[in-house]
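Data first, discussion second: the structure below is written as structure tokens.
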Number of protein chains: 2
Amino acid sequence: MADVARLAGVSAMTVSRALKGKGAVTPQTQERILRAVSDLGYVLDKSAGALSSKKTGFVSVLIPSLNNSTFSETVQGITEALDTEAMQVLIGTTGYSRAREEAVIETMLQRRPEGIIVTGGTHTPRGRTMLEQAGIPVIETWDLPAAPIDHVVGFSNAATIEDLMARLMFRGYRRIAFIEGEHGEDTRGHDRRAGYERAVEALGLERACVIEVGRPPITIEQGGGAVVRLMDTWPEVEAVICVSDLSAFGAIMECHRRGWAVPERLAIAGFGDFEIARHTWPSITTVSVGSRGLGRQAGTLMLEAVAAMRGGTPLAPRRINIPHTVIERDSTASLPRPAVAGRVA
Amino acid sequence: MADVARLAGVSAMTVSRALKGKGAVTPQTQERILRAVSDLGYVLDKSAGALSSKKTGFVSVLIPSLNNSTFSETVQGITEALDTEAMQVLIGTTGYSRAREEAVIETMLQRRPEGIIVTGGTHTPRGRTMLEQAGIPVIETWDLPAAPIDHVVGFSNAATIEDLMARLMFRGYRRIAFIEGEHGEDTRGHDRRAGYERAVEALGLERACVIEVGRPPITIEQGGGAVVRLMDTWPEVEAVICVSDLSAFGAIMECHRRGWAVPERLAIAGFGDFEIARHTWPSITTVSVGSRGLGRQAGTLMLEAVAAMRGGTPLAPRRINIPHTVIERDSTASLPRPAVAGRVA
DNA sequence: CCGTCAATTGTTATCGATACCATCGGACAG
DNA sequence: CTGTCCGATGGTATCGATAACAATTGACGG
């Protein structure tokens, strides 16, 4: 920067001001500086700037996996909201493991983000402590923790599945099973299963049948394997809810291969409203939480929280409950039922 | 850090050394310092460290979109390779736009990454200049540019489709069409189309029929729309190659809906070997470039290049050509043909 | 023509860690 | 017992920008 200043015949401070664009510099000076910058191919060093201004200009986002389209949609939503204010997003993946999450939190905090958005409300004790003591806004998403760390933008995974169950029952299904990954650290998947079991009880359904297959996140292939095991275990089954649209997709494809008509022989529903759910044949009944919108809301809230923090007054904890929608499609359309507005082709 | 030093009764310098673990500190001192660190809940500030040591400890990766599973696999591969050496990955998305890529390059360079991995070999002039002058290792991936900036880890998009065409022809298909996005900035999609056209000529096929639909990246839905237009435009068509597996998937689902048997009425192939390609019914013939392995190789090369750069001698430009594989599956299996080892169920 | 004020620019200290070199204390050979 | 050397630790300068304050300039009213 000193070189630029010399070439433009001004002081480094003026160069700094010119590059921030905040006016306060004569148009001619501005132009002279910008020319010097481009002549020298100079690029501002923001990390040095961050050190002195104590504003790093980025926010960390922790998600379980990049390969899950709903999480990447959430990240996109967050990015959209933050880009407008020139806040950068630093992504970290935890691989559905709390231990890894703890490690990633530490790495992230070493870079001094101005805020951090995590997926889920369950963390290791040390991870939680680090988040609490970081002195920056924290947003937990994709869940509604009972004792949140700071802000929350989420929904109840259990409630989404309860609603879906109610809808299936309303459509006439009585023998409904559930497919998920083995008990592990995927607390969101676990919550959905809890919702399933509560619904079976509440609705007085015949019996709960849960097929567990592989460790989360379960793949398309495992969804296919699970449906075979299900038909073997409980031949009278009429419908099944899969823990995600991806596994529901795998189940449907396996049914095609085996000649089991969907939904006539077996109705299949998923979770998440992935892009493929809408276009699979038959299209997949699912629960949408609007992952991208969720991300956008989290991003907007983060902007507000960061601004408040810069201003010296931390924002009081917010709790935003994202509404979910059961989207009925062709994969659960077999039994006689009234016409419904909510059905999407 | 000064607080920690005081509590442990040593100097800041010793704390710094203890935290880097590089020996050179008495075990007792080490332990005393670590206890002080955890008592105070102190977290190292790496950006300050980066300023003085000139080692930021991260690498930037630019991809067109997070929502494309092949790119996120590449990122995973890169992350796997770099994590081992405690290098962090900073992801930026360019939305298939060169102008946006230029902006993202600038933002990234402001954080002084120790290396940068970009997707494709085509950039704006300024973007290219910035990359050349950044003084750090650059890796271009997913392409084989004729005049690379520095290192290359990629493959020829045109060649992959030429090979796929040859295989389809060998299987007896003669009237083969191509579905892609409108001419835009997706140079990799464009290269694939060029490969298609060259193959039509070289193989002496009947005629080239290209359906263009929407701006890249084309969606599942657009794949479905395109196949309808194709059947309308060229009813004699026997097979079609889609620019990606996602659009191929959309095309297949649309065929199911309309009662066009795949592959009997229309054979369909894709590109990229996405997870869904293997599990769709019928499974989708595609070209695999091993996106994750590509990422891993790029990551490994980057480690080597960064190490060389730290040592003072930049690594001489490497050019790694990733082999591709045509994977024949059920979606192109109709015509009589010999048994083939390469076929995957 | 002078004083006041606002706009613009410059100077200095500082952010938090690490590189580099100096220092100190003890082990060991002669 | 003494000189040498090595391992552990401390002191100081520095990385590249920006905050905070100081200084300069010119405009304008009286």
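Since the structure is predicted, the reported quantities are computational estimates derived from the model, not experimental observations. Per chain, numbering begins at 1; letters A, B, ... match sequence-line order.
Using a 4.0 Å cut-off between a side-chain N of Lys or Arg and a carboxylate O of Asp or Glu, B:Asp191 and B:Arg188 do not qualify as a salt bridge.
The closest donor-acceptor contact from the side chain of A:Thr141 to the backbone of A:Val118 lies under 3.5 Å. Put simply, the side chain of A:Thr84 never gets that close to the backbone of A:Glu80: no donor and acceptor are under 3.5 Å apart.
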Set out, line by line, the N/O atom pairs under 3.5 Å between protein and nucleotides 10-13 of chain C.
from	atom 1	to	atom 2	distance (Å)
C:dG10	OP2	A:Ser11	N	2.9
C:dG10	OP2	A:Ser11	OG	3.1
C:dG10	OP2	A:Thr14	OG1	2.7
C:dG10	N7	A:Arg17	NH2	2.9

What are the atom names and distances for every N/O pair under 3.5 Å that joins the protein to nucleotides 23-28 of chain C?
none

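Rounded to whole angstrom, the span from the CE atom of B:Met1 across to the P atom of D:dT9 amounts to 15 Å. Look at CD on A:Gln28: it is 11 Å from C1' on C:dT8, rounded to the nearest Å. The CZ atom of B:Arg6 sits 13 Å away from the P atom of D:dG11 (whole-angstrom rounding). Counting to the nearest Å, the C1' atom of D:dG16 and the CD atom of B:Gln110 are 13 Å from each other. B:Leu19 has its CG atom 13 Å from the C1' atom of C:dG16, to the nearest Å.
Note on residues 139-148 of chain B: no pairs pass salt bridge (Lys or Arg N to Asp or Glu O under 4.0 Å), not counting sequence neighbours. Under the salt bridge (Lys or Arg N to Asp or Glu O under 4.0 Å) criterion, no residue pair touches residues 46-70 of chain A, with sequence neighbours excluded.
Among all heavy-atom pairs drawn from B:Pro148 and B:Arg319, the shortest one is CG-NH1, 3.8 Å.
A:Ser69 and A:Ser72 share no donor-acceptor pair across their side chains, judged by distance under 3.5 Å alone. A donor and an acceptor atom, one from each side chain of B:Thr14 and B:Ser11, are located under 3.5 Å apart. Remark: the B:Thr70 side chain and the B:Trp142 side chain contain no N/O donor-acceptor pair separated by less than 3.5 Å.
For DNA chain C, the residues of residues 33-55 of chain A within the heavy-atom distance limit of 4.0 Å (strictly under) are A:Leu51, A:Ser52, A:Lys54, sorted by number.
Checked against side chain to side chain donor-acceptor pair (under 3.5 Å), A:Arg126 has the following partners two or more places apart in sequence or in another chain: A:Glu102, A:Glu106.
Applying the 4.0 Å criterion to OP1 and OP2 of C:dT9, one finds that A:Thr26 has a side-chain N or O inside that range.
Residue A:Arg318 is tested with A:Gln297, A:Glu304, A:His151 for a side chain to side chain donor-acceptor pair (under 3.5 Å); the sole match is A:Glu304.
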